[in-house]
Q: 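Okay, handing you the structure first.
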Amino acid sequence: MKSKIHEFHKKATLMCKKLFYTSLFLLVFSISNAQKDFQGMAVYESKTSTSDFKSRMQGNKEITPEMQKMIEERMKKMFEKTFILNFDKSASIYKEEEKLDAPGTGQGGGMRMMSSMMGGGGTYYKNVKDKSYTVDKEFMGKEFLVKDSLPKLNWKMESETRMIGGYNCFKATAVRPVSQSDFRNFRPKKEEDKKTDKPKTEDKDKKTNFMDDFDMPKEITITAWYTPEIPVNQGPESYWGLPGLILEVNDGKTTVLCSKVVLNAKEKVEIKAPTNGKVISQKEYDETVVKKMEEMRQMYDSKGVDGRRMEMRMGH
């Protein structure tokens, strides 16, 4: 009798072990599968301050109030945008939200080029696993495919916290070099810099260029707010490298703020890099843009094209 009870206990113990290991395997498998299938979507509102440009226009006698209103409307369209970030554990795509233009206000080649230079247009693909990015850009009627390594930012973790959309966020700051092809980085020149430049350009007969009052800094300070509650190494635009999704980032002039987050939606989005365009590095692309813009500036100067006519041409 005792031997039968012992045998029964032995079989029961063996069955329990089998059930335990089977359950453990299924649990690990389901967690692994969930991580593999994990995907999220975040909506970001990007706004770049235009107060510097507006103050310069108000002091320009060649720009009429009607022209100023038209330019401000164009600038608002370029400097206020909505973006969608689709992400998983290792990669993301960041793209401007598609909107139907009102009749007669569709983006021509010039507006698409300006949009690209203001952070819009194209698809920004980031792969944090192999630390690379790919973005398609249009400039001067040509398609470029910028492929390069993700910029490594030395984030400094701050003690401040705040809530963004119901998520507890932590502050982080970093200093980064600017992209010479991103015109949102332009800052007004300091008065002492203008005085230094004055002798070189002082000519009563020469037209002054609207952009002569602006300069491109070498580096800017970034302030980011991230949430560990969404543990992905992702963020808007080129931002990454924090232990949680970046919900807000500010560079002193442009603020990108998350307005909506959806995790594990039923419909999955294919996260892959764009492929169209001439492959080029970020440095090569920046040099191309700077060179062409300088050529355009010299062309306008040599033909005596004033700021007013230039704005009209850019607007159409």
Side-chain angles (χ1 to χ4, degrees), residues 44 46 48 74-75 77-79 81-87 91-99 101 106-153 176-186 211 214 216-220 234-240 249 251 253-254 256 269-300 310 313-316:
Y44 291 89
S46 174
T48 300
R74 297 279 184 180
M75 288 174 70
K77 192 173 181 180
M78 286 192 293
F79 286 99
K81 298 175 179 293
T82 301
F83 292 87
I84 307 295
L85 178 75
N86 292 102
F87 58 89
S92 68
I93 49 173
Y94 185 72
K95 193 172 183 179
E96 187 177 350
E97 184 182 54
E98 293 181 6
K99 291 180 181 177
D101 291 310
Q107 285 195 0
M111 286 300 291
R112 282 198 300 271
M113 183 183 81
M114 290 303 295
S115 178
S116 178
M117 291 160 69
M118 300 299 176
T123 299
Y124 200 115
Y125 170 83
K126 288 199 302 284
N127 190 313
V128 297
K129 196 173 181 180
D130 57 23
K131 297 177 175 58
S132 67
Y133 71 92
T134 303
V135 57
D136 53 343
K137 292 277 189 181
E138 181 181 335
F139 182 70
M140 303 290 279
K142 293 183 179 180
E143 295 285 340
F144 292 94
L145 192 66
V146 182
K147 300 181 86 170
D148 220 318
S149 300
L150 279 170
K152 182 171 171 52
L153 297 178
R176 75 163 207 184
V178 303
S179 168
Q180 298 295 311
S181 61
D182 189 342
F183 279 30
R184 293 173 301 170
N185 293 320
F186 270 113
M211 293 308 296
F214 295 86
M216 183 79 79
K218 290 183 178 179
E219 57 184 30
I220 49 179
Q234 291 288 353
E237 297 188 16
S238 61
Y239 298 106
W240 70 294
V249 66
D251 66 5
K253 193 169 182 181
T254 299
V256 184
V269 175
E270 189 176 14
I271 297 175
K272 65 177 184 179
T275 56
N276 294 331
K278 177 187 175 183
V279 178
I280 192 171
S281 70
Q282 185 67 58
K283 184 182 178 183
E284 290 170 332
Y285 179 74
D286 288 351
E287 288 172 350
T288 300
V289 171
V290 171
K291 183 182 177 182
K292 290 296 180 184
M293 292 306 293
E294 180 59 27
E295 287 176 3
M296 284 175 66
R297 190 185 71 82
Q298 289 176 1
M299 182 183 73
Y300 283 124
M310 185 176 174
R313 286 187 66 172
M314 282 168 56
H316 289 282

Q: Taking all heavy atoms of S46 and all of V256, pick out the closest pair and write down the distance.
A: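 Minimum heavy-atom contact is OG-CG2, 3.9 Å.
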
Q: Just how far is it from atom NZ of K278 to atom CG of D136, taken to the nearest 0.5 Å?
A: 16.0 Å

Q: Flag the pair E295 and K292 as a salt bridge only when some basic side-chain nitrogen lies within less than 4.0 angstrom of an acidic carboxylate oxygen.
A: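 Counted as a salt bridge, because a side-chain N and a carboxylate O are separated by less than 4.0 Å.
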
Q: So how far is it from E96 CD to F83 CZ, rounded to the nearest 0.5 Å?
A: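 Reported value, rounded in 0.5 Å steps: 5.0 Å.
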
Q: Does any non-hydrogen side-chain atom of K126 lie less than 4.5 Å from one of L150?
A: yes

Q: What distance separates S92 OG from Y239 OH, expressed to the nearest 0.5 Å?
A: 14.0 Å

Q: Can you name the nearest heavy-atom pair linking V249 to P236, along with the distance?
A: CG1-CG, 4.0 Å

Q: Test side-chain contact (heavy atoms from CB on, under 4.5 Å) on K218 and V178 and set out the steps.
A: CA-CA 6 Å; K218 290 183 178 179; V178 303; 5.9 Å; no

Q: Hey, what do you get for CD1 (I93) to OG1 (T123), rounding to the nearest 0.5 Å?
A: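 Reported value, rounded in 0.5 Å steps: 6.5 Å.
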
Q: For the rings on Y133 and Y124, is their centre-to-centre separation under 6.0 Å?
A: yes

Q: Specify the closest pair of heavy atoms between S281 and V146, including all atoms of both residues, with the distance to one decimal.
A: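 Where S281 meets V146 most closely, the heavy atoms are C-CG1, 4.0 Å.
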
Q: Verify side-chain contact (heavy atoms from CB on, under 4.5 Å) between Q282 and D286, making sure each step is shown before the conclusion.
A: CA-CA 6 Å; Q282 185 67 58; D286 288 351; 3.0 Å; yes

Q: Measure the NZ-CD1 distance between K95 and I84 for me, rounded to the nearest 0.5 Å.
A: 11.0 Å

Q: Which heavy atom of D130 sits nearest a heavy atom of S132, and at what distance?
A: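 Closest pair (atom of D130, atom of S132, distance): OD1-OG, 2.8 Å.
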
Q: Please round to the nearest 0.5 Å and tell me the distance separating atom OG1 of T288 and atom NZ of K142.
A: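 Going from OG1 on T288 over to NZ on K142, the span is 8.5 Å.
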
Q: Determine whether a donor-acceptor pair (N or O, by modelled atom type, separation under 3.5 Å) exists between the side chain of W240 and the backbone of P151.
A: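 Answer holds: yes.
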
Q: Any side-chain heavy atom of L145 sitting closer than 4.5 Å to one from P274?
A: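 Result yes, sub-4.5 Å side-chain heavy-atom pair found.
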
Q: Please determine which of Y44, Y125, F87 meets the side chain to side chain contact (heavy atoms under 4.5 Å, CB included) test together with Y94.
A: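 Looking at Y44, Y125, F87, the match for Y94 under the side chain to side chain contact (heavy atoms under 4.5 Å, CB included) is Y44.
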
Q: Using 30° and 60° as the class limits, which term best fits the ring planes of F139 and Y285: parallel, tilted or perpendicular?
A: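 Plane angle over 60°, so perpendicular.
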
